[in-house]
Each structure stands twice: as structure tokens, then as C-alpha cells.
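Okay, so here's the structure we're looking at.
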There are 2 protein chains.
Amino acid sequence: MEIAPDTYSELTSSIAAEYESLSRQLKKFGRFALDNSDTLALETVTTVAEKADVQPSTIVRFAKAFGFDGFSDMQQVFRTRLVENNSSYRERIHSLQNDEGRDGVASVLDNFTHTGIESLEQLKLNTPVAKLNQAVEILKNARHVHLLGHRRASAVIHYLHYALSQLDISCMLADGASGMLQHQMNRVGPEDAVLAVSFTPYTPVVAEMVALQSEKGHKIVSITDSPLSPLASRSTVSFEIQDGRDQAFRTLVAPICLAQCLVVGIGQLLENEQTS
Amino acid sequence: MEIAPDTYSELTSSIAAEYESLSRQLKKFGRFALDNSDTLALETVTTVAEKADVQPSTIVRFAKAFGFDGFSDMQQVFRTRLVENNSSYRERIHSLQNDEGRDGVASVLDNFTHTGIESLEQLKLNTPVAKLNQAVEILKNARHVHLLGHRRASAVIHYLHYALSQLDISCMLADGASGMLQHQMNRVGPEDAVLAVSFTPYTPVVAEMVALQSEKGHKIVSITDSPLSPLASRSTVSFEIQDGRDQAFRTLVAPICLAQCLVVGIGQLLENEQTS
DNA sequence: CTAAAAATAGAAAAAACAGTTCATTTCTCT
DNA sequence: AGAGAAATGAACTGTTTTTTCTATTTTTAG
């Protein structure tokens, strides 16, 4: 490496490109640097070294390996980034929320991050803790958890399938693959729980299944988008995530976040039981 | 002044409040400090002194007048501002995190909504529009889009599968169901594109598949979490979503949002073509 | 207008720091 | 398995940086 990168993105590219040719400690620090650019920008070598759990000399060697004079020289790159990042943020605030001047795919990004943030704020404000506790309790105690959701909701279901399995909770996708939905749902027993997810326009078959399971008296936790949803009235606990604005900006961000909360909530409960 | 402000906004208020009672040089520097917070955060006393056209000792006296130990102590306030401003942490924290005393599943909700918001802000700030355009272009022009992702990433893949299908884009899940991954990937042709999603710890088989497809010269768009990811180097376009903090709070919120941006970006392009 | 008090500038002392050197460990190739 | 090479860790050194101190200037009050 002869010539030092002079922008942050050049530096990350360089690190990524030469990563494999680096030695053990240099790799370790490279990873740290990419994940902690703020620290690199502000702290002293000694402090950075402590946080990255390497020797200060390693950091200087790292810097030299990428063509810098030393740590301070490299640090400039991280500092510049911090300032520029920051000023671009201010500019966006300045041009209000509609982000004038950004169009095409850039405005799409702005819009979705913005509505995503809004919907997370709504999620936090509108989700009753009692419901969360109830749902977590039901799911934790279930012999099997059956995951029901089609179309948009299938993303949420698949996340739950993965995450619950990690917690050693027995769960099965009722995704209707190969036309087996009926069979999959017939296996729900009285000690099981159904976790159903569905948004407008509610897939009829999902609504039917929920109704059926409800009649059988099975426990149902549902994530949906309105108290008027066919899922809401039939469920033991239902979370209604208001999507707010128009259909064009309906986002899965809040449902995914809620799903994650449920999983971690269960995880905590299980931990507590183990330690006690 | 007895107690030092510990946030930037507190400091500005203090300066404003006591401005009139300050001496000539202290006023001069106070004004400079308010107008050049970046300089204050990054440069040394000597440098700041030169730029502000005062003596270093003046700056130290200024700092002490506002209750700090000295320059370094005061500088911390400017530095934390630089970092926190980046995620507009301060503003959001007021609306979100005031809920101390919430514990159990309530604090889980608070934490995840909070980190979700942070990661969406990071997404918006750190996603180069050029990459977005490039990715959208590739996916739109592909004969078939092959969706590759396991474990946590499968949620993203399933969302994409649903959403791209809605746009009448031919896409196929390469989810490795029934051990068919190899076959599924063999069907990728030169006019196709692969959309791969993977996060730490990268599923080896996914990384292998991406490497293989890359060698064949096929177009690959990837969503991952670090420039050092095995996906990043092998892809035509790769989005690296910094997860920031510790594993416990890794969230799918940003990847899902990005996926949605890609889909809508493609949708817009298709619309424009129809109308023209 | 003068004297005392406050503020300021410059320099010198103290502290912190980056970068280097060298002994030790780890890796690699024969 | 052993010798040589490369990488690593720790202490050390020369600088830079911060802070304190003092002489000088400016301001204020009698």
C-alpha cells in the first residue's frame, strides 16, 4: 500500500480489499475500525487500543500498512467523515421533511426511513405492555407454536420461525406449502398456540383458519393492522399496528420490530426461570 | 458558574445566558465557539486559539468560567454532540427514552423501537444513492431474480419474494428447501440476477453460492452487515448495513426497509417506462 | 488623574501522547 | 521438528498539548 486513502469510503474499500492479506491482529483491528468509526475519530491511540483490545503499536502498524504516516494521519479520515456526515444531516433537516432536491430512488429512501421511524414511534406509544406480557406468556407456555401468515406477512412469520427455533421453542410454519395448510392447522392441539399475522387485504384463508382455531378454543396471538381486522376479534391477544398513511408506504418495519420484542421477551422469561 | 453543562444545548444556553457578564475576550471566544462547534470538537487548544484569534489561556479561562476543569473537559461536550447529532439521538431520546422504570417486556419494547429508529437513520445517512440506482437497474433488467438467504435473512428474502412478484418480476426463492439449493442456483443464467442477503455469522453455504455465481460472472446484489462480509467483495453491488451495537440488539428493521426501497424503486422505473 | 482591581498575553512547567525500538512470541517453510 | 522470518507486546523517548504562573495592559472607581 503506497498511497493513503483520503476519504472514509476509500478507506473502507481498501480495508475490505486487503483484509485477507492482513495478519491476525491487523484483521482484528480492521474489523473494529469499520464497526467503531466514531471511536476512531475521537479517542486517542491508547484509548482506542484499549477498546479494540490491541496494543497501540498495532494500530500504528495498521495505519502504516494503509499508507498513512501514523495514527494521527489516519484519524483525519475518520474525523472528516464525522463532520461531513454531520453537516449533510443538518442540510437535510434544513430542507425539511420533504427533502426537496432528492428525487427518484433517493426520495424513496428518505420516505421509507421516515415513515419507518414514525411507525416505530407509534408502535412504542400504542402497544399496551399488558398485551405484550400476555402474549409472551402464552407463547412461552405453548407446547408448539404454529405460525400462520401469507403474502406480506410471510416475512414476519419466517423471522419468527427462525428466532423462536433459536430459543428452542418448538414451532412450525403453517405456510400452506404444497397445499398442506389444512393439515398443518389440524395438528394444533389444546396445549398449543397459534401466532397469526395478516394485513389488509386479509388473506381469506388465514382469516378462516383463525376463526376455526378460535372456535376450537385454542390460544391465538395475532399481529394485524386494525381492531376491525378479522383476526383481532377472534384472537386471545391481538396487536393492532396502525400503518397510518396511504397504502403506498405501508411498511413491515413495525411488525418485524414487534415480533422481535415478543421473541426477546420470551427469551428473558426463559432465562429467569433457569437462574431461579 | 459552579456546575459544568454536560450537553451541547445546555452549554449554548449557559453561554447565551451569561454572555453579557463576560469580559471582552471571553465574549469574542464565546461567539466563536457557538459558530464553530466542529472546530471546538476536533482541534487542539492552540489551533482553536489561532482560528479564534485569542490566546490559549483565554480559552482555558473561558472553560473554567463555565465550570469545566479545563479545555479538554469542555471539548468533550462538543465531541459528544458531534457523535450523537449523527443519529439525532438527542431529539429522539426525549420522545422515547424518558421511560425509566419500565422494565421487563416494556423495556424490551423501548429498546427495540429505539435501536430500530437509530438504524433507520443510519440507513438513510449511509446508503449511497448511486448504489441504490445501480441495484434497481440490475434487478429491473434481470430476466429472473434469484433470492438467496438463510436463517435471519430468510425474512427479508420472503418479503422480497412477495413484493417483487407483485410487480410482475419473475423471481424465485433459492431457499434450499428439500436440499434443492444447488439445483436452484444452477438455474441462474447470464441474463439473471442474484439478490443475496446474509448477516453475521454468515451461513457458509450462502457465501459459497455467492462466490460461485460471482465466478460465473453473474450479476449479484447483496444486503449484508459489513464491508468485510464474504458477500460484499463478491457482489456487483452490496449494501452494508452497520448494525452498530451489540448482538443482542441486532435488528432486521433496516434490511427490511432497504428491501422495500429497492422494490419501490423498481416499481417507479417500470411505471415511468409504461407512461413514456 | 491616579491607584487599585481585573483581565490578558506570553512563556514556562506539567501532563499526555504518538510513534519507535527491541525483546518475545507465533507462524511458515524446509 | 527446527531454523528463520514475521508478527506481536511492552517499555521508552521525544513531541505535542494543556495548564499554570507571572508580567503587562486595560478597565474601573475614587
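Checked by atom type, the side-chain pair A:T47/A:T44 shows a donor-acceptor distance below 3.5 Å.
For the pair A:L40 CG and C:dA18 C1', the interatomic distance rounds to 15 Å; values are reported in whole Å. Distance, B:R61 CZ to D:dC21 C1': 12 Å, rounded to whole Å. One atom, NZ of A:K27, and another, P of D:dA7, lie 12 Å apart when rounded to the nearest Å. A:L22 places its CG atom 16 Å from the P atom of D:dA6, with the value rounded to the nearest Å.
The aromatic rings of A:H158 and B:H158 sit parallel to each other, their planes meeting at less than 30°, with 60° as the upper class boundary.
Between B:V194 and B:V188, the shortest heavy-atom distance links the atoms CG2-CG1, 4.0 Å. What you find for B:T58 and B:L26 is that their closest heavy atoms are CG2-CD1, 3.8 Å. Heavy-atom minimum distance, A:C257 versus B:V253: CB-CG2, 4.2 Å.
Residue contacts shown for B:Q25 are limited to sugar-phosphate atoms, with no base heavy atom under 4.0 Å away. At a threshold of 4.0 angstrom between heavy atoms, the contacts of B:R24 are confined to the sugar-phosphate backbone, with no base atom among them.
With B:F239 as the fixed residue, the side chain to side chain contact (heavy atoms under 4.5 Å, CB included) test singles out one of B:T224, B:V197, B:L132: B:L132.
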Show each protein N/O and nucleotides 15-20 of chain D N/O combination with a separation under 3.5 Å, one pair to a line.
residue: D:dT18; atom: OP1; partner: B:V45; partner atom: N; Å: 3.4
residue: D:dT18; atom: OP2; partner: B:V45; partner atom: N; Å: 2.7
residue: D:dT19; atom: OP2; partner: B:F71; partner atom: N; Å: 2.6
residue: D:dT20; atom: OP1; partner: B:K64; partner atom: NZ; Å: 3.4
residue: D:dT20; atom: OP2; partner: B:K64; partner atom: NZ; Å: 2.3

